[in-house]
Amino acid sequence: MKAVLTIAEREIRSYFTSPVGFVVLAGFLLITGFFFYVPLALEHGTLRPMVQNTTVYLTFLLPALTMRLLAEEKKTGTIEILMTSPVTEAQAVLGKFLGVCAFYVVMLVATLQFPLVLSVARATSGTPIFPGYVGIIILVGTLTTAVMAAVTPGNRPLPWVAAGFALALVIVTILAIGKLPESGPVITGYLGLFLLGASFLAVGLLCSALTRNQIVAYVVGLVLLLGMLIVDWMSDWVRRSVPWIAEVISYISVRQHLENFAKGVIDTRDIFLYVSLMVLCLALTVRAVATTRWK
Amino acid sequence: MADRTAPQTRERDVDLLFSYIAGWAALVLAILLIHRIISVWMVNERWVLRGAIILLALVATWLWGYGPRLGAGSWDWVRRGGLNAALVVVALLVGAGMLNWIAARRHWEWDLTKNKRYTLSDRTRQVLNGLRQDVKVTAFFPGRQFRSTSGLVREQAQDLLKQYASASPRFKFQLKDPFVDAIEFQQLGLKQLDAAVLEMGDKRQDVLEFTEKALTGTLIKLTRDTKRKILFLTGHGELPYEGMSTDPRGSLSTAVSRLREVQWTIDPVSLYGKQAPAPDPAEVAAIIIAGPRRELDQSEIKHLNEYLNKGGRVLVTLDAGGPSLQAFLKDWGVEVGNDLVFDRFERSPLFVVEQPEQGKDLTRGIARTLHGRARTVTPASQPPSGATVTPLIKTEQERTIIIPNFDPHKPVSLASPANKNESATVAVVAEKTLSAPGKGEAKSARLVVFGDSLFATDQLVNFPTFFNGDLVTNTLNWLGEEEALVSIEPKEEVSDQIFVADEKLRLFAALHLLDFPLLAIGLGIFIYLRRR
């Protein structure tokens, strides 16, 4: 486990110290902000459209995070150092996956501003400096401090990220959740986003393991994720001819499974699909890395 | 030696060239075939069959030339662990598929919404579990061009249909666009664009409202062989129940359309005179006397009592200042006050009842109702033998004034010392067991009396956040012994409507579209510079 955490910490530090991590974070905040703001301007104070639309832009953003994870190691030859060190392929893959997942969690935590903004928007009297705006400032402060501490040499990034995450949750729970008409869909929405994102990251990691070219890894990851996205549209197309195939296609559609989370429902089928996709891709990645070692 | 092998090599090269061409031809034909199969979906099976035979021949030719090379290459691939890796990949894919297949069949759900609006009631689950035949649902919703008006309905309906399909494998649905599938839509003869058809065997029912109550009601009716109806008594200036109303009190058309949604057949009835046909409880689920302006005739009272004594069900809604129907109601243990119930704080005859008599089937899940121009109706101190009369809706004592001897033609005095400041009962339920237990199936007569008619009129049934429509349908379903429908609690919509001032919206736009993304970029640049 120590080896896994060491690799994960190395990865998360590299995201916080490279432009790619912050460009993806900024893009993610801009697009989620857009999908949160537009319904709000149309007088709908809900996170559901933001959660539902996430599938599309995560398809484009997340392969950018995973494309370099193994492809770069192969290209620069550092994979050989990693493979000759006393870590197993599974530990290496799991460490990289945990690292990129931790960065994705930071991205999600940065959107916890939305429940706080909703509580500001719902306030009907006076200037709602507290809790809304104060909450947003504390949240931004917490995240900035956590990130700064994580990249400071000598500090271990994962405990700082975990502490920032925990503190942000406490802030939002205390200051916003009680002000919203219902908190269930907010909680399930974030759970769904985490599971969806983690499974997308696992797909991206697999693509990165199959090539030494980062661009190829990105494009293959993008095509695979887009395929998993649009497969849902095919189900309507084949439903008339072969209904059972339509059922299967509909079931493997990642977008359909996010619907329940966005509504406020947790279904074991949805969790199972995302987790099995994650485990399958990680197992295949381990296999692909093992093949590299034997070659 | 060289002379002997040269022709053989040339011959071999020709064979390889031939196989090479056959291989490419096979590839092109395979692509064409796949394209054909996808585009026409096996319409011309003979064409596909011929193509498949030619493809097989081409593949065989290719293998004839390249078989040995392929074999050597495959063996090399196997030796390098390729087969092993491929088997692992296939095993992982099959394992994941099987686990998901099991997970899809045995699954659990947790509905974290405030009012559990994505959880079907126990009654609906019972109805779905009891299905012995497949129910095919074809739901129509206009597409993008009408999204502004029907997008929400489509989303809610889709959510609901998914819940039903998830609860029973016998419930299958498909969504269609009435403009795309226009011919099918026209053939089905649906009355509105947002509608669904439920078919079971050769039976069909239409759904025009997408609520759990309406959908389960339709399923119940679909599985039932007999059809009962609700009759509206006419001839006493009752409230109109269809179309536009000239009655200043309004119309019951919304409540009636909701009753039709839960599959009741509605008809008028006159019970005046000895020749009037006596309603039969086997066919008539209930008779409604809605806001009469004249007292009932003796012959009508006789017919109503006969109907009730055979196990009939009657709903009466009265108005303050109107006829009391005391001649009919006193025999059933209901006393009607000649008074007006007034809201003390609002200084209005319109009043809200919060959580009306929870615990009763009729009011289960009903958070609040709105009433107006009501008179008191109370259980008689000496009810007739065998009858039980209980209050259904009571007002809050603090906010109620009961003005006695109410005359609609005289002004109301709120300061009169005769006024009473006490809780008013404005609806009662009377029930009478007609045959003793142990002698066959026990029958019962049921009578519900409301002190106001206004609660069932369009303006109050359509009033948002109040449950008047559910109170009407629950009452009729209970009277008609559709207990399954009564127990489906109405789900209060948790509105996401939010009105944000323009200045706040501009602030939010700057926050989300500028500040946060820039903060992330700025943080990245700061860390980069610091590390340099």
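Predicted model, so just to flag it, every value in this text is computed and none were measured. Below, chains carry the letters A, B, ... as their sequence lines are ordered, and counting in each starts from 1.
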Do [X] and [Y] have side chains that approach each other closer than 4.5 Å (heavy atoms only, starting at C-beta)?
{"X": "Leu112(B)", "Y": "Val265(A)", "value": "no"}
{"X": "Tyr118(B)", "Y": "Asn260(A)", "value": "no"}
{"X": "Glu259(A)", "Y": "Gln158(B)", "value": "no"}
{"X": "Tyr528(B)", "Y": "Thr17(A)", "value": "no"}
{"X": "Ser166(B)", "Y": "Arg269(A)", "value": "yes"}
{"X": "Leu99(B)", "Y": "Ser276(A)", "value": "no"}
{"X": "Leu40(A)", "Y": "Phe508(B)", "value": "yes"}

Could you check Asn100(B) against Phe272(A) for side chain to side chain contact (heavy atoms under 4.5 Å, CB included), going step by step and ending with a plain yes or no? CA-CA 7 Å; Asn100(B) 272 286; Phe272(A) 211 89; 3.8 Å; yes

For the residue pair [X] and [Y], what are the closest heavy atoms and their distance?
{"X": "Ala104(B)", "Y": "Tyr251(A)", "value": "CB-CE1, 3.8 Å"}
{"X": "Lys263(A)", "Y": "Thr113(B)", "value": "O-CG2, 3.4 Å"}
{"X": "Tyr37(A)", "Y": "Leu513(B)", "value": "CD2-CD1, 4.5 Å"}
{"X": "Pro517(B)", "Y": "Ala26(A)", "value": "O-CB, 3.6 Å"}

Decide yes or no on side chain to side chain contact (heavy atoms under 4.5 Å, CB included) for Ile266(A) and Glu109(B), but give the supporting numbers first. CA-CA 6 Å; Ile266(A) 297 175; Glu109(B) 283 179 14; over 6 Å; no

For [X], does the [atom1] atom sit with more than 12 other heavy atoms under 6.0 Å from it, leaving out its own atoms?
{"X": "Trp110(B)", "atom1": "CH2", "result": "yes"}
{"X": "Lys162(B)", "atom1": "NZ", "result": "yes"}
{"X": "Leu529(B)", "atom1": "CG", "result": "yes"}

Does Arg48(A) come within less than 4.0 Å of Asp159(B), counting only side-chain N to carboxylate O? yes

Ring centres under 6.0 Å, that's the criterion: do His512(B) and Phe36(A) meet it?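 His512(B) vs Phe36(A): aromatic centres under 6.0 Å.
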
Under 4.5 Å heavy-atom distance to chain A, tell me which part of [X] shows up: side chain, backbone, both or neither.
{"X": "Ile527(B)", "value": "side chain"}
{"X": "Val89(B)", "value": "both"}
{"X": "Leu519(B)", "value": "side chain"}

Is the backbone of Trp108(B) close enough, under 3.5 Å, to the side chain of Thr268(A) for a donor and an acceptor to pair up by distance?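 Looks like yes, one N/O pair under 3.5 Å.
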
Separation of Leu92(B) CG from Leu282(A) CG (nearest 0.5 Å): 11.0 Å

Tell me, for Phe114(A) versus chain B, whether the close heavy atoms (under 4.5 Å) come from the side chain, the backbone, both or neither. side chain

What residue in Gly97(B), Ala509(B), Gly95(B) has the most heavy-atom pairs under 4.5 Å with chain A? Ala509(B)

